[in-house]
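Quick note on labels: first sequence line is chain A, next is B, and so on, each numbered from 1.
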Amino acid sequence: MFFENLIKDQVIVHFKQVFDLQLRESELSFLPTRKEFEGDITLVVFGLAKIVRKSPEETGQLLGDALLTNPELVTSYNVVKGFLNITINNKLIINRLNNLFIGQFGNVSRKISLSDTVPELPVLIEYSSPNTNKPLHLGHVRNNLLGYSISQILKSNGSKVVKVNIVNDRGIHICKSMLAWQKFGNGETPKSSGLKGDHLVGKYYVEFDRHLREQVKELEAKGYSKEEATKHAGLMVEAQQMLLKWEAGDPDVKALWQKMNNWVYDGFAVTYKNLGVDFDKIYYESETYLLGKSIVEEGLNKGVLFKKEDGSVWIDLKAEGLDEKLLLRSDGTSVYMTQDLGTAVMRYSEFKFSRLIYIVGNEQDYHFKVLFQVLQKLGYEWAKNLYHLSYNMVDLPSGKMKSREGTVVDADELVDEMVREARKLTMELGKLDDFNSEEAIKLYQMLGMGALKYFILKVDPEKRMLFNPDESIDFNGNTGPFIQYTHARILSVMRKAATQSEMAGFNSFELNSVKDLQPKERDLMKLLIRFPEVMEDAAQKLSPAVIAAYTYDLVKAYNQFYHDYAIVDATQISTSLFRLKLSSECAKVINGALLLLGIESPERM
RNA sequence: GGACCUGUAGCUCAACUGGAUAGAGCAUCUGACUACGGAUCAGAAGGCUUGGGGUUCGAAUCCCUUCAGGUCCA
């Protein structure tokens with residue numbers, strides 16, 4: 001909180017003078033002052049009152065009076081119940097803002113791209129993690145946006161970030177789409193069908209299921225139970241055989257697998273580009289799935305793991321409040337947990353990361369709890385640096401945009417819909433003359449994506465959320481486009497001002513010359529000052545939502561300020577330099593904040 | 001059956017991790033435009049924070065319990 005440290009020291013000093021008692025920092029609790037009250041920062045004095053055995057009001061008064069002996073820091077105070085509201089000297093706020101002007105703000109965007117100069121150990125962020133048998137869906141969208149935004153936030157706070165993706169490119173589900181394509185595909189390719197590669201493969205995954213259901217139905221008619229029928233259906237048997245061939249390295253199967261996976265990767269590349277996300281390193285499960293067995297072996301030797309009669313390997317986590325967990329099947333094949341153990345160990349030896357953050361849905365909460373426990377028990381002390389960032393599902397208002405299957409919302413369709421919607425709305429508002437120019441198309445892209453990203457990121461990841469495309473793309477309210485609009489308007493004001501001759505001296509202008517601050521100016525400045533702390537806060541909590549909330553507050557404060565003060569014409573400009581300066585810094589901060597969310601800000605719209 | 005997550009205005013979300021009268025937006029209603037980007041601004045209305053108990057100066061937040069939704073484990 002702004003000036004918390006300065007105030008803290010003073011409170012401790014004065015507390016000793018007044019009450020002759022030594023206070024520890026941890027005994028002080030500060031809040032930003034609520035806007036209904038006068039002041040900048042509030043000290044909660046209930047606890048202190050208890051220590052000195054006086055009423056909260058009296059304690060507050062005594063401390064407040066003592067602080068007033070330091071007028072360079074504190075100009076006034078008031079006490080309400082047990083709350084001591086302190087008003088900071090304007091000069092300090094102005095100084096702080098001036099420092100930020102020349103320091104941090106101008107570099108917000110540049111700082112983000114300069115992470116490679118940081119010497120520390122890297123933070124690994126694993127996100128996206130798709131399967132190669134179907135296209136990305138709405139769930140992946142939340143995952144990707146969270147992963148990318150958190151990477152940006154950590155980078156801007158000076159961490160070296162390595163974005164990694166692990167692609168699930170092997171297993172029975174992959175064989176299913178391969179088999180279906182072989183049987184029913186007639187050699188169809190992305191080129192011949194005009195389908196995006198991942199969608200083409202996804203189509204055959206669905207196709208497999210359809211044919212399988214038919215076969216199962218036939219077998220059920222012959223008296224098989226559903227389970228048995230599924231097990232013995234011809235297609236299922238063939239898929240199993242294909243998997244065995246794949247694992248044995250059969251050249252034909254491998255070639256087909258290569259070909260179809262490449263189609264999918266081409267498709268994913270397009271989706272990732274649209275979402276604006278990228279990776280520093282991509283892992284493939286086909287290359288990592290055998291890792292981990294030796295780690296299990298090691299665990300057995302150490303006596304951390306145990307073997308059941310059938311030969312399967314388990315860990316007992318009952319003492320930790322969990323259950324027994326399977327780590328290796330009786331036939332010696334690995335399960336997900338086995339390979340995740342292997343991948344984690346491999347990554348540590350590769351990167352010596354200071355943290356590894358997994359961005360994975362909350363249906364795997366249990367899985368990660370176990371994974372971390374197992375690594376801990378195996379004696380890897382870096383296991384404490386692993387973190388599972390869990391997020392909940394995204395729902396849609398019923399009906400809309402659902403595919404034929406009724407449940408899956410395709411990421412590409414969603415992106416298209418958002419961009420179309422942005423175009424439609426912009427046209428209705430009639431702001432652009434040329435709706436099809438390259439610039440306009442780029443703008444629709446930015447607005448549609450801005451709407452989508454902001455709407456998803458502003459919600460606490462833990463919470464199940466409802467994504468409403470119409471609401472998200474509103475140009476008013478707490479939405480991406482509204483923030484983008486405000487930013488563009490500031491730039492427009494600046495451009496206009498730049499054409500005026502009085503602009504000379506703007507760049508060297510300092511706020512010190514301004515004596516009195518209007519309330520709205522002060523509000524805005526306080527918000528601007530907070531930005532670095534908000535970034536830190538967001539990095540600590542790994543929460544883009546913190547950035548979103550702050551940005552919206554800032555935009556609102558700016559709009560109120562703008563409405564009253566932002567008069568920029570030739571006659572008034574000499575008195576408006578201060579306001580222009582504030583506007584300009586606002587634009588920088590908003591732009592910086594949007595970058596942290598992975599959102600682009602159009603220069604005009 | 002056991003474990004975990006969620007429940008806040010009609011709707012979508014906040015609430016700085018225990019602080020003041022629980023805040024925004026959308027929707028609804030009332031007001032404000034001849035120059036500035038009105039894609040705006042000002043205001044009203046809307047709440048027993050699922051229900052019940054506890055902890056204390058103080059609870060949406062912590063503990064117990066009830067109900068509802070969701071997920072995981074075999």
*So with a 6.0 Å cut-off around NZ of A/Lys424, is the heavy-atom count from everything else above 12?*
no

*asked:* Going by the rule side chain to side chain contact (heavy atoms under 4.5 Å, CB included), which residues pair with A/Thr75 if we only count those two or more places apart in sequence or in a different chain?
replied: A/Thr87, A/Asn89

*Select base, sugar-phosphate, or nothing to describe what A/Ala488 touches, counting heavy atoms under 4.0 Å on all strands.*
base

Just the table, please: protein N/O against nucleotides 2-9 of chain B N/O, every pair under 3.5 Å.
from, atom 1, to, atom 2, distance (Å)
B/C5, O3', A/Glu462, OE1, 3.1
B/G7, OP1, A/Lys463, NZ, 3.2

*asked:* Under a 3.5 Å cut-off for both contacts, is B/G38 paired Watson-Crick or G-U wobble with anything, and if yes, with which nucleotide?
replied: none

_Separation of B/U17 C1' from A/Leu542 CG (nearest whole Å)_ = 15 Å

*Measure from the side chain of A/Tyr562, starting at C-beta and using heavy atoms only, and say which of B/C57, B/A74, B/G38 lies closest.*
B/G38

*How would you list, by chain and number, every residue that makes a side chain to side chain contact (heavy atoms under 4.5 Å, CB included) with A/Asp316, sequence neighbours excluded?*
A/Phe306, A/Lys318, A/Glu324

*Anti or syn - B/U17, cut at 90° from 0*: syn

_B/A60 to B/G51 separation - P atoms, rounded to the nearest Å_ = 11 Å

_Pairwise C1' distance, B/C63 and B/U56 [rounded to whole Å]_ = 13 Å

*Kindly indicate whether the side chain of A/Glu285, heavy atoms from C-beta on, has any atom under 4.5 Å from the side chain of A/Tyr336.*
yes

*Closest-nucleotide ordering on RNA chain B, the 5'-leading residue of A/Glu363 and A/Leu466*: A/Leu466

Can you list, pair by pair, the side-chain donor-acceptor contacts under 3.5 Å of residues 596-605 of chain A, counting residues two or more places apart and other chains?
from, atom 1, to, atom 2, distance (Å)
A/Ser601, OG, A/Asn591, OD1, 2.6

_P-based separation of B/U49 from B/A32 [nearest Å]_ = 37 Å

*In the structure shown, which nucleotide is the Watson-Crick or G-U wobble counterpart of B/C29, with both distances under 3.5 Å?*
B/G43

*How is A/Asp460 classified with respect to the nucleic acid when contacts are heavy atoms under 4.0 Å: base, sugar-phosphate, or nothing?*
sugar-phosphate

*Could you please name the partner base of B/C48, counting Watson-Crick and G-U wobble pairs only when both distances are under 3.5 Å?*
none

*On a whole-Å scale, what distance lies between the C1' atoms belonging to B/C41 and B/G25?*
15 Å

*Do A/Asp537 and A/Lys541 sit within salt-bridge range, that is, some charged N less than 4.0 Å from a carboxylate O?*
yes

*According to the Watson-Crick and G-U wobble definitions, with both distances under 3.5 Å, which nucleotide is paired to B/A74?*
none

*Do we get A/Arg530 above A/Tyr550's six-membered ring, with its NZ or CZ under 6.0 Å from the centre and within 45° of the axis?*
no

*Mind checking A/Asn468 for me? I need base, sugar-phosphate or nothing, with any heavy atom below 4.0 Å counting as a touch.*
nothing

*Distance between the P atoms of B/U17 and B/U61, in whole angstroms?*
16 Å

*Check the side chains of A/Asp474 and A/Thr479 for a donor-acceptor pair under 3.5 angstrom, ignoring hydrogens and angles.*
no

*Assign each of A/Val555 and A/Leu326 to its nearest nucleotide of RNA chain B by heavy atoms, then name whichever residue's nucleotide is nearer the 5' end.*
A/Val555

_Watson-Crick or G-U wobble partner of B/G23, both distances under 3.5 Å_ = B/C13

*For A/Lys318, report the nucleic acid contact type (base, sugar-phosphate, nothing); a contact means any heavy atom under 4.0 Å.*
nothing

_Protein proximity profile, nucleotides 18-28 of chain B - base contact B, sugar-phosphate-only contact S, no contact -, cut-off 4.0 Å on heavy atoms_ = -BBS-SSSS--

*asked:* Please give the distance between the C1' atoms of B/C72 and B/U8 as a whole number of Å.
replied: 26 Å

*Answer yes or no: is there an ion pair linking A/Lys442 with A/Glu439, defined by an N-O contact shorter than 4.0 Å?*
no

*Would you verify whether the NZ or CZ of A/Lys307 falls within 45 degrees of the ring axis of A/Trp314 while also being under 6.0 Å from that six-membered ring's centre?*
no

For residues 48-64 of chain A, which side-chain N or O atoms pair as donor and acceptor with protein atoms under 3.5 Å away, sequence neighbours left out?
from, atom 1, to, atom 2, distance (Å)
A/Ser55, OG, A/Glu58, N, 3.1
A/Thr59, OG1, A/Ser55, O, 2.7
A/Gln61, OE1, A/Tyr77, OH, 2.9

*Check whether any side-chain N or O of A/Gln560 sits under 4.0 Å from OP1 or OP2 of B/A42, and answer yes or no.*
yes

